[in-house]
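Sequence positions, counted from 1, serve as the residue numbers for this chain.
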Amino acid sequence: VPLMESGGGSVQAGGSLKLSCDASDLMFSRYSMGWFRQAPGQEREFVAAISWKLTHYADSVKGRFTISRDNAKSTAYLQMDNLKPEDTAVYYCAAAVGDYIRTVARDFDRWGQGTQVTVSS
């Protein structure tokens, strides 16, 4: 499995979670990374992306979520603060070759299997 997410769970509204994406099977430095999410009955949606130096966020998470990467550990992260019930979804990590921001799912080459995040009110 090229990507492996971890860190999901159940929290109350206002709480925090930090997701990790282990990409040690990839030449991590060649990839930009992204996080997407999919709620039941809905399409997969973009959450955040990171290249070597740039980040980009969906408006719905801006100011609450932070994407980062540790190139030495071949790991990407998604720190999620002030979580809301509408953040409940399966969260997926994705990787795309090239050092530039991508926000469309079809532009990503590698995907993880997802981790569930549930936020209760």
Side-chain angles (χ1 to χ4, degrees):
V1 179
L3 302 176
M4 182 69 70
E5 303 95 339
S6 61
S10 298
V11 296
Q12 291 190 326
S16 298
L17 285 173
K18 186 174 185 177
L19 306 183
S20 297
C21 175
D22 180 357
S24 56
D25 285 349
L26 302 179
M27 292 184 67
F28 192 65
S29 62
R30 296 182 60 193
Y31 288 81
S32 60
M33 303 298 293
W35 288 94
F36 289 76
R37 65 187 182 187
Q38 188 167 18
Q42 297 187 20
E43 294 186 354
R44 192 169 297 190
E45 66 171 354
F46 169 77
V47 175
I50 186 168
S51 62
W52 267 81
K53 297 182 178 180
L54 300 177
T55 59
H56 184 70
Y57 298 91
D59 288 343
S60 60
V61 307
K62 200 171 294 182
R64 299 188 297 121
F65 290 12
T66 303
I67 189 171
S68 61
R69 63 189 293 161
D70 185 333
N71 292 326
K73 296 182 178 180
S74 296
T75 302
Y77 304 95
L78 185 68
Q79 175 68 45
M80 305 185 294
D81 298 318
N82 191 21
L83 282 160
K84 304 176 180 180
E86 52 263 44
D87 294 319
T88 295
V90 177
Y91 283 70
Y92 297 90
C93 176
V97 174
D99 182 28
Y100 56 97
I101 295 291
R102 257 68 65 87
T103 62
V104 178
R106 65 175 178 269
D107 291 338
F108 287 83
D109 310 294
R110 302 285 189 269
W111 290 85
Q113 294 183 329
T115 185
Q116 177 70 47
V117 171
T118 302
V119 185
S120 58
S121 58

Next on the checklist: Test of understanding: with side chain to side chain donor-acceptor pair (under 3.5 Å), list the residues that count as partners of Tyr91, not counting sequence neighbours.
Outcome noted: Arg37
Checklist entry - Got a sec, which residues hit side chain to side chain donor-acceptor pair (under 3.5 Å) with Asp81, two or more places apart in sequence or on another chain? => result Ser16, Gln79
Checklist entry - Which pair of heavy atoms, one from Leu3 and one from Ala23, lies closest together, and at what distance? => result CD2-CB, 3.5 Å
Next on the checklist: If I take atom OG from residue Ser60 and atom CZ from residue Phe46, how far apart are they, to the nearest 0.5 angstrom?
Outcome noted: 9.5 Å
Checklist entry - Can you list the residues that meet the side chain to side chain donor-acceptor pair (under 3.5 Å) rule with Arg30, with sequence neighbours excluded? => result none
Next on the checklist: Using 0.5 Å steps for rounding, measure from the NZ atom of Lys62 to the OG1 atom of Thr55.
Outcome noted: 9.5 Å
Checklist outcome for this item: One should read off an interatomic distance between Cys21 SG and Tyr92 OH, to the nearest 0.5 angstrom, of 13.5 Å
Item to check | Partner residues of Lys53 under the salt bridge (charged side-chain N to carboxylate O under 4.0 Å, His left out) criterion, sequence neighbours left out | outcome: none
Next on the checklist: One thing to verify: whether Lys84 and Asp87 come together as a salt bridge, which I'm taking to mean a side-chain N less than 4.0 angstrom from a carboxylate O.
Outcome noted: no
Item to check | Residues in side chain to side chain donor-acceptor pair (under 3.5 Å) contact with Thr118, at least two apart in sequence or another chain | outcome: Gln116
Expected list for residues 94-106: side-chain donor-acceptor pairs under 3.5 angstrom, two or more places apart:
residue: Asp99; atom: OD1; partner: Trp52; partner atom: N; Å: 2.7
residue: Tyr100; atom: OH; partner: Arg102; partner atom: NH1; Å: 3.1
residue: Arg102; atom: NE; partner: Tyr100; partner atom: O; Å: 3.1
residue: Arg102; atom: NH2; partner: Ser32; partner atom: OG; Å: 3.2
residue: Arg102; atom: NH2; partner: Ala96; partner atom: O; Å: 3.3
residue: Arg102; atom: NH2; partner: Val97; partner atom: O; Å: 2.7
residue: Arg102; atom: NH2; partner: Gly98; partner atom: O; Å: 3.3

Item to check | Residue pair Phe65, Trp35: steps toward the side chain to side chain contact (heavy atoms under 4.5 Å, CB included) verdict | outcome: CA-CA 11 Å; Phe65 290 12; Trp35 288 94; over 6 Å; no
Item to check | Close side-chain approach of Phe28 and Lys73, heavy atoms under 4.5 Å | outcome: no
Item to check | Distance, nearest 0.5 Å, that separates CD of Gln38 from CD of Glu43 | outcome: 8.5 Å
Checklist outcome for this item: Value for CH2 (Trp111) from CD (Glu5), rounded to nearest 0.5 Å, stands at 9.5 Å
